[in-house]
Amino acid sequence: MNKFYITTPIFYPNSKLHLGHAYVTVLADIFTRYHKAIGSNTYFVTGSDEHSLKVAKSAQKNGDSVEVFTEKISMGFKKLFNDLEVNYDYFVRTSDKDHHWNGAKELWLKLVQSGDIYKKNYVGKYCNGCESFVKESDLVNGVCPFHNEVPQVINEENYFFRLSKYQDELVKLISKDVVKIMPDSSKEETLSFINSGLLDVSFSRPISTNSWAIPIPDDPKHGMYVWCDALSSYITAVGYPSDVKLFNSFWPADCHLIGKDILRFHAVTWIAMLLSAKINLPKNIIVHGMLLSGGKKMSKTLGNVIDPEILIEKYGAESLRYFFARHIPLFGDGEISIEIFNEACRSNLLNGLGNLVSRVFGMALMYGVEIQKGLVLSEVISKPEYFWYQNEFNAFQINDVTNNVWKLIGDLDKTIAVEKPFKVFKSDPDLAKEMVLVYLEKVWEISQLLKPILPSTVDNIELAFEKKEKPLLFDKTIFE
Ligand code: MSP
């Protein structure tokens, strides 16, 4: 049996998630549902990255202990994912001492054993927003362009990871797609970053700066650098090191789905850590673009965020899932506003899919055509006419999949307009019935193809086939 292990980034629980965070999680859910439908053993991990300084600061601002605050916020993450119909298998919390801490420390020891961890005094500028040391050349007028803040000058003793040692190996592995980075522009960006010369990276902070961090094994005065801690969650979530069975069933990851702003940590630091620890490498790193609002990256810092719960409450999760899959280019940035969103859903869900299903059911019921369920998704896509579906999904081309399903919807609309079964019925009812039977089969197939993207809409369509009743898929008044 094939397996498919996919991860999202783990999110900082310093505040509620916005639509950009919802986006990556919904995509991961869609990919998982597809792989499950074709019979793979799937595992989908998401979670929260809790040892960031900004998390501790937000807790303090709210008058909560970090434990209470992160518990509250991560409960909110889980509620949002539930509302989005996101079915993850495991929610990793980096504050989980039993599972995560043990694994993160074990990985640290492996890096030590390979001779890749050493201590030195370091002076540098640290951006709390990026959670990393920054170079002068990363700054604009001395300010971090992403977080609009002046980095802090730090002079302290840190443990360092010998990233530079892996420069040549990384170039080889990435060039040859042993770790495949998509799109090509992200692969090129990574290679040129590596080729510009890798420096060793600081992998610890004094525990006095963040008492909440994972203590370094055998040196509890130092805490693990938050990215080293967070990246290790990809293996601790599948049981590393103690649950060998789970680990061997799913690792290496088939897909790390990430935003382009955290590419280097994944494509360089993480891969080097795994090489150092002699652990197998993930197969794909899929790098998505950013959701824009008002032409700028949606972010808390810029204050242009849209709360996904508000959209879900008015439009339902399925509308959001549809919009993400089709209208946000996976490998580019995509603008979202309430107007764009409303219009896309009105014309394609309500007037597109909803109308088509309703018309075909209406005719079938009126003409007395037998309404019967058809083949399930895995059988539908084994028909040669649907080979594109598997090819596109296997290549993570979610926009192509969705566009092509909507093309089928459009084609069927056109066929009905040309064949005019309502006219034919007057002169030749049997012929009209045959036509509608074919339309029904097509509607069934379209609905199966939509299953990973719109799971509950498809449940409604399947129920309609079962009960032989016309379904009401989308409420018109929502989109007015
Ligand atoms: N905690 C780290 C990730 C550690 S993974 C081992 C982190 N967290 S985050 O909460 O700041 O961001 C999580 C993800 O959300 C990132 O992949 C980031 O690219 C994504 N997004 C943040 N804003 C976004 C948009 N406006 N649009 C799309 N994705 C966005 O980074």
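Residue indices begin at 1 and follow the sequence shown. Both counts, for ligands and for their atoms, begin at 1 and track the order of listing.
Annotation for ligand 1: atoms under 4.0 Å from non-hydrogen atoms of Ala230 are 6 (C). For ligand 1, the atoms sitting less than 4.0 Å from at least one non-hydrogen atom of Ile262 are 16 (C), 17 (O), 31 (O), numbered in the order shown with element in parentheses. For ligand 1, the atoms lying closer than 4.0 Å to a non-hydrogen atom of His288 are 28 (C), 29 (N). Residue Met298 has at least one heavy-atom neighbour below 4.0 Å for each of these atoms of ligand 1: 23 (N), 25 (C), 26 (N). Residue contact check: Gly289 has heavy atoms under 4.0 Å from atoms 28 (C) of ligand 1. Heavy-atom contacts of Gly259 reach the following atoms of ligand 1: 17 (O), 19 (O) (cutoff under 4.0 Å). Residue-ligand proximity, Asp49 to ligand 1, at heavy-atom distances under 4.0 Å covers atoms 1 (N), 2 (C), 4 (C).
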For a quick test of your reading: what N or O donor-acceptor pairs under 3.5 Å do the side chains of residues 274-282 make, sequence neighbours left out?
unit_1, atom_1, unit_2, atom_2, d
Ser276, OG, Asp116, OD2, 2.6
Lys278, NZ, Ser114, OG, 3.4

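The backbone N or O of Lys245 sits less than 3.5 Å from a side-chain atom of Ser249, completing a donor-acceptor pair. A donor-acceptor pair under 3.5 Å is formed between the side chain of Asn399 and the backbone N or O of Leu330. One N or O on the side chain of Asn102 and one on the backbone of Asp98 form a donor-acceptor pair closer than 3.5 Å. Side chain of Asn342 to main chain of Ile338: no donor-acceptor pair is present (N/O by atom type, distance under 3.5 Å, no hydrogens or angles).
Taking a 6.0 Å sphere around NE2 of His327, one finds it holds more than 12 heavy atoms contributed by other residues, nucleotides or ligands.
Looking at ligand 1, you won't find any N or O of Leu231 less than 3.5 Å from one of its N or O atoms. For the pair Ser299 and ligand 1, the shortest N or O to N or O distance does not fall below 3.5 Å. Residue-to-ligand polar distances place Asp261 within reach of ligand 1: an N/O pair is separated by less than 3.5 Å.
Scanning all protein heavy atoms for the shortest distance to atom 21 (N) of ligand 1 gives His21 CD2, 4.0 Å. Looking from atom 9 (S) of ligand 1 to the surrounding protein, the closest heavy atom is Tyr12 CD1, 3.7 Å.
Under the 4.0 angstrom criterion for non-hydrogen atoms, Phe265 is not in contact with ligand 1. Using a 4.0 Å heavy-atom cutoff, Ile10 is listed among the residues neighbouring ligand 1. Heavy-atom distances between Trp270 and ligand 1 stay at or above 4.0 Å for every pair.
Looking at His18 against ligand 1, only its side chain comes within 4.0 Å, counting heavy atoms.
Rounded to the nearest 0.5 Å, atoms CG (Leu199) and NZ (Lys135) are 6.0 Å apart. Taken to the nearest 0.5 Å, the CZ atom of Phe81 stands 9.0 Å off from the NE2 atom of His21.
Judged as a side chain to side chain contact (heavy atoms under 4.5 Å, CB included), and not counting sequence neighbours, the contacts of Ser337 are Glu339, Ile340.
The aromatic rings of Tyr43 and Tyr90 lie parallel to each other, their planes meeting at an angle below 30°, with 60° marking the opposite boundary.
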